[in-house]
Every structure is written in C-alpha cells, then in structure tokens.
Visitor: 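Structure provided below as structure tokens; questions to follow.
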Amino acid sequence: MWGGRFSAGPSAIMAEINASIGFDKRLYREDIEGSKAHATMLAQQSIITDADLKAIISGLDQIKGEIERGEMHYDNSLEDIHMHIEARLRELIGDAGARLHTARSRNDQVATDFRLWCRRAIDQLDGLYDGLLKSIVDQAEVYADWVMPGFTHLQTAQPVTLGHHLMAYFEMFKRDRSRLSDCRKRLNENPLGAAALAGTGFTIDRHMTANLLGFDNPMANSLDAVSARDFAIELLSCLSISAVHLSRLADEIVLWASAAFGFLTLSDSFSTGSSIMPQKRNPDAAELIRAKVGRIMGAQNGLMVVMKGLPLAYSKDMQEDKEPVFKAVDDFELCLSAMTGMMNDLKPNKTAMAEAARHAFSTATDLADWLVRELNLPFRDAHHVTGAIVKEAETQGLELKDLPLEAMQAVEPRITKDIYNVLSVDASVNSRISFGGTAPANVLDAVKRAKEQLA
Ligand code: ARG
C-alpha cells in the first residue's frame, strides 16, 4: 500500500507485531457498510463516477459473500481488515477500487467501523437485558410472598420476600441497561471524513455519510474523531458495572445453593457434577459469572492505560483497543445468557427459606416498633427494652413469638398479648408497606410497573 516510499518490505517480526487482522476481521461487516456509504457520498459529490460507484458496491457485496463463506485469504502482510477488503476490491474491479480511498484514511475508517461495531453490540446486549429482566420479573411475581431472611453483614436482619430480593436485581439491571443506552447516544456520531487527522480538501458531505450509517451527526473535530476512544472505554465501564451486579447475584446463587443455606436447588442444566464426589451438584455457571467480572474490568482498565498519555491524533497503540472490547462483549453476552437461563430455572426451597427467616430473632425490630406505636416509647428506649427481651429469649432457647408473655412483661410490664400479632415473619413482611418496602403487595405493584416498562 505504501510501496512508493519504501524499497524493502517489513521483516516477518514487523509484520507480525503490526498485524491486527487476527482480531479485526470481526469488523468486516462494518468496514463494508462504511465503504459503501463513503463511496455513495463520493459519487453524489461527483468525486468518483456513478460507474465507479456501481463497481465498488457490487465488488464489496461479492467480498462480503466471500468472507461469509470462508473464502477470504488472510495474510499478516495486509495488516488489517481494511487493507484486506481494499486489496481484494482492487483485484476484483481494478481502478475503481483504487479510488475508494479518496478523501479517507484508515484512521477515520477504523474509528467508524469500531463505533458501528460497538453500536451493534449494544443493540444486541439490549435484547439480552430484556430477556433477563423479563425472567426476573416473572420469578418475582411467583415468589412475591415467599419469606426469607434479609441480611445485613450476612447476619439475619429482618424477614423479606424472595420476590422483593429478586426485584432489587431488576432495578440494578434496568439501570445498567439504561447506562448502555446513554453510551449508545454519545457514541453515535460519525468520524468518517475526518480523514487522517485534519479533514480533507475534497468537497465531501459528512452529513450524508452520517445519515447513511445511522449516525446522529458528523463529529465536530477531525482530530477528536480519529483519536477518541472514550466510547469504547465507556462501553467497557457499563459492562464492568453490570458485571459487578451479575457477580453479586451469582454469588448469592452460589451461597443459596450450598447445603449450609439450602435456599435453592440448581437445575440439572445449570449444575455440574464432581469426578470424585458422586453427591455433588456444583454451581459452576454462577461461579464463572462471578469470576468474569475480573476479566471485564481488566479490559476496561487495560484500554484506559493504553489511551492515557497518547498525543493527538492517531497512534498505533490504538490498534490495541479492539481485542479487550471484543472479548469483554463476548464474555458479557455469555454471562447475561447464562444468568437468564439460571433465573428461568430457579427452584427455591420454600420451607428452608421460611425456616431461616424465623431464626435469629428476625422480628426484633417489629417488637421494638410495636413498643413505639402502642406504648409511645421513644425508639431508642424501645430498642433497649427489645434487646433485653431478645436476651431472655436467647437464654430460654426460644424464638420471640414463643416467649411467654410474663417473660416479656418482666422487662416491660405494659406489654400485652397483642404483641404476638407482630412477631411472625409473615406479619413482619406484610407490614412493610412503605414505598419500596418488602410487603408482598408492594412486590406485586413493583412487578406490575416493571411489566409495563418492559412491554
Ligand atoms: N489497524 C489499524 C487500527 O486498528 C488501522 C488504522 C491504521 N492507521 C495507521 N495510520 N496506520 O488502528
């Protein structure tokens, strides 16, 4: 491509370190789409002839078919997907193919292709989020009134409903999805026509190529257009945050599926066995989802380090932008799909969860609240009184609801038998009707709102 200036070819090692074809061949669709838009605009502006345009379009279509049929021959000496496609086009249509690169550089070309690729990835991820959110909502509806312990510090805190717990993840993934759609808005600008870095003297129409490629507008500054990669970093940030959420949910699945918790059984389709211990059902998918966050955050960190300190405009360092994004998107798509599969297959154990919810004086706050409501005690005093009652129950080896009234009255004489109305876990969750609280009625409201949002 630059034989005019060079008399010797690169050494094999140079070709190897320089080549990106091994990974950027994934950009072939975007490259062809971008080239078609560029050629259409060049013809419209009378920079190339209509005959050239026709030859370019049919040549590019043919190359697309060849690539998809696995007929393209890849070679490090042609560096990247852009040069492979252009070289093949020249082979197929001669001079017309050689005119395609007028008023364009690989710098704006790759920036365009990569933005288009990320945009397509976001659209695909959006569909996967939709599936995950729907399955969470469906399960939350089924388990709206199933009681389980709610934890803080992983110590039993207050009873909650499984539906409420699941809907917490609905909220997280809903935000993650909207973060991605924000990212899409910001990245949807057209770098094409920035050329190498300074723009071009040809009378191109960047609005037209923006329009043809579905971009909202041409990027305003040619230097920025070829050297910005914050769109890719932002995409990785969105994935990192969401991978953290997936990892927390995965971690709970791992914990809950353990014999110690016994809150759920994993379906055969999302468990693996052990080669030595015949009884084992291992939650490997959840563990791997929990682990993937490391690689996804690594990708984000890696790309930020590549970009920091690069002078404007393009530097070859930036060729290293694609692999982390491709890998992170692949990993993340797999995680979303696996989590959706596990969510659909969820088999919670009602008895084990309800049993655990009753333990550890989980309704102590309800007792203290009763003292505030019925005896008008200041909350701090009620807290103190309740602490003494819990201590007594602990000594007697009883749950609060089984502690005799006299034992409670020994701590606070004004307590009446009405207290027992608030000490069961069902009473506890049913009472938590403040907006966003865990009451089954609230969960069903939240499910209804969620279904409307998803419809
Ligand atoms: N393969 C290159 C990349 O991914 C294309 C841009 C090359 N530009 C250049 N000036 N050498 O970044």
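Treat the numbers as computed from the prediction; the structure is a model and nothing was measured. Values below: every heavy atom of this structure, side chains too, minus hydrogens, waters and symmetry copies. We count ligands from 1, going down the list as the structure has it; atoms in each ligand are counted the same way.
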Visitor: Minimum heavy-atom separation for M72 and H84, please, with both atom names.
Guide: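 That would be CE-O, 3.8 Å.
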
Visitor: Could you tell me whether the side chains of Y129 and S242 share a donor-acceptor contact shorter than 3.5 Å?
Guide: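 Per modelled atom types, Y129 and S242 side chains form a pair under 3.5 Å.
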
Visitor: Any chance the side chains of R104 and S35 put a donor and an acceptor closer than 3.5 Å?
Guide: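 There is such a pair between these side chains.
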
Visitor: Quick one: which ligand 1 atoms are inside 4.0 Å of a heavy atom on S20?
Guide: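 Reading through ligand 1 atom by atom, the close ones are 1 (N).
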
Visitor: Hey, is D216 close enough to K185 for a salt bridge, meaning N to O under 4.0 Å?
Guide: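 Looking at D216 and K185, the cut-off is not met.
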
Visitor: Could an N or O of ligand 1 be found under 3.5 Å from any N or O of Q319, whether backbone or side chain?
Guide: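 Yes; the residue has a nitrogen or oxygen that sits under 3.5 Å from a nitrogen or oxygen of the ligand.
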
Visitor: Can you see whether E16 engages N76 through a side-chain donor-acceptor pair at a distance of less than 3.5 angstrom?
Guide: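 No, because no side-chain N or O of E16 sits under 3.5 Å from a partner of the opposite role on N76.
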
Visitor: Can you tell me the protein heavy atom closest to atom 8 (N) of ligand 1 and the distance?
Guide: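 The closest heavy atom on the protein side is N107 OD1, 2.9 Å.
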
Visitor: Nearest protein heavy-atom contact for atom 11 (N) of ligand 1: which residue, which atom, what distance?
Guide: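 Checked against all protein heavy atoms, atom 11 (N) of ligand 1 sits closest to R106 NH2, 3.5 Å.
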
Visitor: Could you tell me the residue and atom name of the protein heavy atom closest to atom 6 (C) of ligand 1, and the distance to it rounded to 0.1 Å?
Guide: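 The closest one turns out to be Y314 OH, 3.4 Å.
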
Visitor: Which of the atoms in ligand 1, numbered in the order shown and given with their element, are less than 4.0 Å from a heavy-atom of K322?
Guide: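 Contacts of ligand 1 toward K322, numbered from 1: 3 (C), 4 (O), 12 (O).
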
Visitor: Provide the number and element of each atom of ligand 1 under 4.0 Å from a heavy atom of D80.
Guide: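 In order of number, 1 (N), 2 (C), 5 (C).
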
Visitor: Using the six-membered ring of F326, assess whether NZ or CZ of R26 lies under 6.0 Å from its centre and within 45 degrees of the ring axis.
Guide: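 Yes, R26 sits over the ring of F326.
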
